[in-house]
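What follows is one structure encoded as structure tokens, with my remarks underneath.
The analysis underlying the following values was restricted to heavy atoms, covering all of them including side chains, and did not include hydrogens, waters or symmetry mates.
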Amino acid sequence: MGIEKGKISRWQAILLVSNSILASMVLITPALLTKEAGQDAWLSVLIAGILGYLIGLFVVSLGLRFPEKNLVEYSIDLLGPWFGRAVCIIFALFFLHINAYLVRAFSVLLITETMPETPLSVLNIFLVILVAYGVYLGLEVFSRVNEIIFPLFMLAGLIIFALAAPEMDFEQLKPYFTHSFSGILWGSLILASFYAEGSFLLMLIPSLRNPKDARKIVLPVSLILLVVISIDVVGLISLFGAQETSRMLFPTFELAKTVHLGAFVERIESLVVGLWVSSVSLKIMAFYYVSVLILAEVFKLKDYRPLVLPYAFVLVVLSVIGWEDTNHVRFYLSRYYPLVAVTVMTGTTLFLYIASSFRRNDKKGGETQ
Amino acid sequence: MRPLKKPKKATEIRQQRINARLEQIQPDKDLLKQSISTVLEHNVELFKKMFAETSDFVVRQFHFGSNREIRVALIFIDGLVDATAISESIFTPFMLKTLEHGDQEIVPQNPYDLILNWLVTFNSVKEEFEIGKLLDLLLAGFAILFIDGAAKALAIEVKGWAKRSVEEPKAESFVRGPREGFTETLRVNTALIRRRIRTPKLRFDALQIGSVTKTEVCVAYIDGLVNPATVREVKQRLERIETDSILESGYLEDFIRDNYWTPFALLDRTERPDKVAGCLLEGRVAILVDTTPFVLIVPAIFSGFLQSPEDYYEAYDYIRPLRWVALVMTLTLPSFYVALTTFHQEMIPASLALSMAVGRAGVPFPAVVEALLMEVTFDLLREAGTRMPRSVGQAVGVVGALVLGQAAVAAGIVSPFMVIIVALTAIASFLIPNYSSSIAIRFLRYPILLLAGSFGLVGIFWGLMFLLLHLASLRSFGVPYLYPIAPSVPGEWKDVFYRAPWWAMDRRPLLFRSPNRIRQAPGQRPEPPAGRSGDQAESGKQEIKKNENKGDDSVS
Amino acid sequence: MFLKILFVLLLGAGVAYYEVPKLLQQQLKRELIVFGCFLLIGVALALATVLNLPVPNPTDAVEYIFRPVVRMLYPG
């Protein structure tokens, strides 16, 4: 058994993984997708849904080969103490980088939309304090909070889309199938790269109350993601049109701006930002936690908590210096991020999977001899 | 790694020193373990020495028997005992009856038996010989009778001090429901609970806490409904306490709560016996403390603080959801106002924004300062009103409403909108039935207000997230504080967000881990009489079923 | 500038003050060492950022590694 003593239920795990993937996906991907696939983006979403489901099954089947052990323990078993640790550190650093980029995206959104005068670093520190507090309290605690926040987040999203529905023009989805198949496929690959973020589950499988349940997490999560992102993409395209959506930085957020109910409820985008803050902070907490936990396991510590606060320093610095400006964030996001995510996440998983298969064959061979 | 021995030793020495100090206050320990002597004068001298010149310590020595040859001494604490009872039931039989009985019987070989069997006409008499125990009994309101020549003394229960009678509780008042409240006397309190739960399974396990005050503490629970582990845990925590005094259950609360660094109450407390009975029936544990009407209930959960016992008596209504709204309002209403006026003016509808701007036109402060000013004023007024005598309290209310509200607006220090907001918040805060958690929520308004003033809506959500994380990390005797909400158990929400009718709540709440979850037979929803409904056979069947289930109602 | 440096140092000191006694009490030597290293790295990075010194940027590294692939996928 690893460090973490807290256990989470299957339901909590489903919500945690869904939230961790959705929080940024829902805001960012529609613009990327429509750029690649235009009004056929919904097709990319469907393909990505299937791809994501397969990725999920694959990741979980690796985890379930060692249901009682976490990522670090079996990488060391499989790849030896040095190489195994190196792979895990790459994993941890990758999550650090994602976190830095998420924190940055948070402050970018805040600065562009509601408080242009606030310095970037102040907002970054502001968010990281909250996140570090959550990680310090532990997996059990923030997955419980997620259990409250995620359904609220979904409910709010549903209400906003319902309010925007009268403005939508579903004719904008036509003509069908005009974009090249390669574009649609590339779009779905981008989306799938966000699904790949779910591989942080590898670190959580031993913390599940019943590790065998991990396989039963994949389908509900894939379905939640598929439904939400389909509504998101279809709604945005029919509201703004594919062209305009692709030019926006955070199109879902722009949608909130158009919403109004009578003359009393209008311009609720600030409210959406607020809700999104709770959701994205939970996402960062999950990745922060996994990253710190991996590091603690790599250094054979008894507890991950001593690393939480120092990590916060690094996170704030990286989120400030990592990207020059908003354009750079956007450019990195659309060009590099999907590639990096797919390579690191699926790459390491695949690598470990192959290694474990070899090891298993070795063992079988050894036993028969 | 080499274990560092030094700090351990230091703590041990400190512990010993503290224990020695605690014992110093007590009379000599060895002495207390000794038995009393057969010589009457020795015993009387011993107790006289212990109490020195204390004015309420009374010794009454007298002789009786036909020749006045039997010498006895009665000692008691004046004020703790019932003086009439002593004179009627001790002095009268001793001094008068012995004369009436004729001379032959009253020259017994064993005066002790004679006294025990013939003379002391009290129902509760204990025989004791250990000095320490006699001392405890004496201080608990017993009268001690020493008899010359006997190595045992009689402790006679003649308790009778000035008590407050059972009155309506002041802090929790109802429209509907029993009007009895606990008093300062432990026995009266246990009786109030016992009257509601007539089963031998209702247990009151007694402990004594406080080396000087020796306060009687009772752990109440219903055997078979409560989780034994909870009772064990409660007792363990209570027994760990080493202090000189417990004057109120609040002292205990600080000692046994799971996490001190939280503004939230991790134990529920009440002065209503009906609430305690209800909680015991849910499988919880109550801690009664002598000398206070406030009873602690563990484990406590956050949603429990939004429940009032009255919810269960008055037919089910919309008050529960309203309380949740009130909770959110208390916490965030002023902050929302500040955030909207400072950062997000675009969210305010145009017509409203105009009148708000007019109201704020002359106000010299930013909205945060204005809000803080008014909130602090309100808290001052509230505190003044609570602690003042009732007549003055009303005056404080008038001053607050008229002078501060009206005059502050007229003077242009605050906008009328702010006054409305603060007043609304204040009223909402009164909707939270539990006083301690209402204070906690009101206190948390301030940090959220400051966050709203510096970061707008995002600040509010940040603050709420922080609060949620904190709440989710709390536990009360092993039960997650946010229980049926997170970890979410939708099946238990019928007593959280609304109060389901009694026939629907056929199971005890899961969270207290009661070994017996069945509260009543399911399916007792009242149906229209058989004759009127379409399917007569169906309802007839249900009628029979109901009768069959009746036998299972009682607590097993 | 001076204030910012002070802020970073104070934060670092605060974190050390919070964690070190706990670790000492539990006699976790390894944890103490790893914690110290991480804190030093963190504070050093923060100071370098405040002082506008060049800080190694992982984004640059990532972009350097993946640039050929991106060039191939998005010509122009």
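Within the 4.5 angstrom heavy-atom criterion, atoms from both the backbone and the side chain of C/Glu31 approach chain A. Contacts between C/Leu45 and chain A at a heavy-atom distance below 4.5 Å involve backbone atoms as well as side-chain atoms. In this structure, chain C has a heavy atom under 4.5 Å from the side chain of A/Glu36, while its backbone stays farther away. For C/Leu11, the parts lying near chain A are the backbone and the side chain together; criterion is any non-hydrogen pair under 4.5 Å.
When the shell of 6.0 Å around NZ of C/Lys4 is examined, it contains 12 or fewer heavy atoms from other residues, nucleotides or ligands.
Using a 4.5 Å cut-off between non-hydrogen atoms, the part of residues 183-200 of chain A that approaches chain C consists of A/Trp186, A/Ile190. Proximity to chain C at a heavy-atom threshold of 4.5 Å picks out A/Tyr336, A/Leu339, A/Val340, A/Thr343 from residues 336-347 of chain A, in numerical order.
When all heavy atoms are compared, the tightest approach of C/Glu19 to A/Arg305 is OE2-O, 3.6 Å. Between C/Ala46 and A/Phe313, the shortest heavy-atom contact is CB-CD2, 4.3 Å. When all heavy atoms of C/Arg30 and A/Lys300 are compared, the closest pair comes out as CD-O, 3.3 Å.
Within the structure, side chain to side chain donor-acceptor pair (under 3.5 Å) pairs that include any residue of residues 37-57 of chain C comprise C/Asn57-C/Thr59 (at least two apart or interchain). Here side chain to side chain donor-acceptor pair (under 3.5 Å) pairs that include residues 125-134 of chain A, with residues two or more places apart or in two chains, are A/Tyr133-B/His470.
Using a 4.5 Å heavy-atom cutoff, the side chains of C/Pro58 and A/Leu93 are not in contact. Looking only at side-chain heavy atoms (C-beta outward), A/Ile125 and C/Phe7 come within less than 4.5 Å of each other.
Once rounded to the nearest 0.5 Å, the distance linking CZ of A/Phe299 with CZ of C/Phe35 reads 14.5 Å. Note: A/Trp323 CH2 to C/Glu63 CD = 9.0 Å, rounded to the nearest 0.5 Å. Distance check: C/Leu39 CG to A/Tyr311 OH gives 15.5 Å after rounding to the nearest 0.5 Å.
Among A/Leu96, A/Val314, A/Ile321, the residue making the largest number of heavy-atom pairs under 4.5 Å with chain C is A/Ile321.
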